[in-house]
Amino acid sequence: MRIRPELEFYARDSLKVARDLLGAHVTSRVAGTDTTIRITEVEAYRGQEDPGSHAYRGETKRTAVMFGPPGHLYVYFTYGMHWCMNVVCGATGTASAVLLRAGEVVSGLEAVRERRVSARRDIDLARGPARLTTALGLDGSANGLNLLSPQATVQITCEPDGSGAVRASQISTGGRVGVSGPGGDGDTYPWRLWITSDPTVSQYRPGKVRRR
DNA sequence: CGGCTGATGGACT
DNA sequence: GTCCATCAGCCGA
């Protein structure tokens with residue numbers, strides 16, 4: 001039987017939390033309907049230490065939730081139309097978080113298909129951060145939601161030992177393009193994690209330089 | 001399958 | 001103004 005993690009689970013380093021969120025379940029209750037997704041891909045962000053984080057340049061109205069207590073959702077709006085969800089990690093005052101990038105629908109398939117009509121195959125229903133958020137029926141109104149509250153309309157559950165039950169040998173990691181390493185040599189941090197060979201993991205695409 | 005591009009709006013310089 | 005922690009649709013192979 002899965003458990004709802006305590007505060008200590010989220011208060012750790014975001015990279016550790018990211019690992020343990022692989023295989024965990026996210027459940028949303030929207031309009032009386034429950035939807036559960038098994039997390040298959042995540043990305044760790046390290047706040048003000050991380051040039052790739054929204055919180056890198058300090059606290060703003062938008063990033064305020066990330067500077068708050070762990071175990072809350074940071075949901076942001078991007079590209080004029082998409083919502084993506086993060087779980088806030090680390091101690092209060094630090095701004096680390098884990099972005100949920102992809103997952104497999106475990107239950108509530110009917111509702112998810114209604115929300116994701118463009119998805120041809122079931123593996124595409126939550127394959128990508130904005131798709132996953134849409135699949136759960138969430139948007140900016142979930143920003144700041146406290147996952148630790150038993151009454152919360154979004155819950156995350158994992159195995160009793162505090163893991164998502166994915167063996168380390170089944171976890172792959174990769175770097176994030178566009179984020180330089182400490183030496184400025186172009187190395188990237190391996191802070192993208194996914195379940196090896198899982199078909200619902202999003203295809204990694206380096207950010208392309210776009211011009212008009 | 002892979003590559004390319006428009007959509008669309010808020011945050012930040 | 002410019003930059004996005006993106007996605008869907010279209011095109012060619």
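First the proteins, then the strands, lettered A, B, ... as listed; each starts at 1. All values derive from a computational prediction rather than experimental measurement. Heavy-atom basis, side chains included; hydrogens, waters and symmetry copies ignored.
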Choosing from dA7(B), dT6(C), dA5(C), which nucleotide comes nearest the side chain of Ala130(A)? dT6(C)
With sequence neighbours left out, what residues match Ala55(A) under side-chain contact (heavy atoms from CB on, under 4.5 Å)? Ser53(A), Met66(A), Phe67(A), Ala95(A)
Any residue in residues 71-79 of chain A with a heavy atom nearer than 4.0 angstrom to DNA chain B? Just list them by number, or reply none. Phe77(A), Tyr79(A)
Distance check: side-chain N/O of Arg116(A) vs OP1/OP2 of dA8(C), anything under 4.0 Å? yes
Tell me every residue that passes salt bridge (charged side-chain N to carboxylate O under 4.0 Å, His left out) with Arg57(A), counting only those two or more places apart in sequence or in another chain. none
Give the dot-bracket line for DNA chain C from 5' end to 3' end: parentheses for intra-strand Watson-Crick or G-U pairs under 3.5 Å, square brackets for crossings, | for inter-strand pairing, dots for unpaired. ||||.|||||||.
Tell me, please, whether Tyr10(A) has Arg12(A) positioned over its six-membered ring: NZ or CZ under 6.0 Å from the ring centre and within 45 degrees of its axis? no
What's the closest nucleotide to the Arg131(A) side chain, out of dA5(C), dC1(B), dA8(C)? dA8(C)
Is it the case that the side chains of Arg19(A) and Ser163(A) hold a donor-acceptor pair, with the cut-off being a distance below 3.5 Å and no angle test? no
Integer-rounded Å distance: dT6(C) C1' and Arg192(A) CZ: 12 Å
Among dA5(C), dG9(C), dT6(C), the one nearest any side-chain atom of His82(A) is dT6(C)
N/O contacts under 3.5 Å, protein versus nucleotides 11-13 of chain B?
{"residue": "dC12(B)", "atom": "OP1", "partner": "Thr60(A)", "partner atom": "OG1", "Å": "2.6"}

Is there a side-chain contact between Thr40(A) and Trp194(A) in this structure, where contact means two heavy atoms from C-beta onward sitting under 4.5 Å apart? no
Residue pair Thr63(A) / Tyr74(A): nearest heavy atoms and the distance that separates them: CG2-OH, 4.3 Å
Test Glu41(A) against Leu132(A) for side chain to side chain contact (heavy atoms under 4.5 Å, CB included), laying out the working first. CA-CA 10 Å; Glu41(A) 180 188 359; Leu132(A) 183 151; over 6 Å; no
Please write out the pairs of protein N or O atoms and N or O atoms of nucleotides 10-13 of chain C separated by less than 3.5 Å, giving the distance to one decimal.
none

Check: Tyr45(A)/His54(A) side-chain N/O donor and acceptor closer than 3.5 Å: no
Close side-chain approach of Arg116(A) to Ser118(A), heavy-atom, < 4.5 Å: yes
Arg113(A)/Asp122(A) ion pair, N-O < 4.0 Å: yes
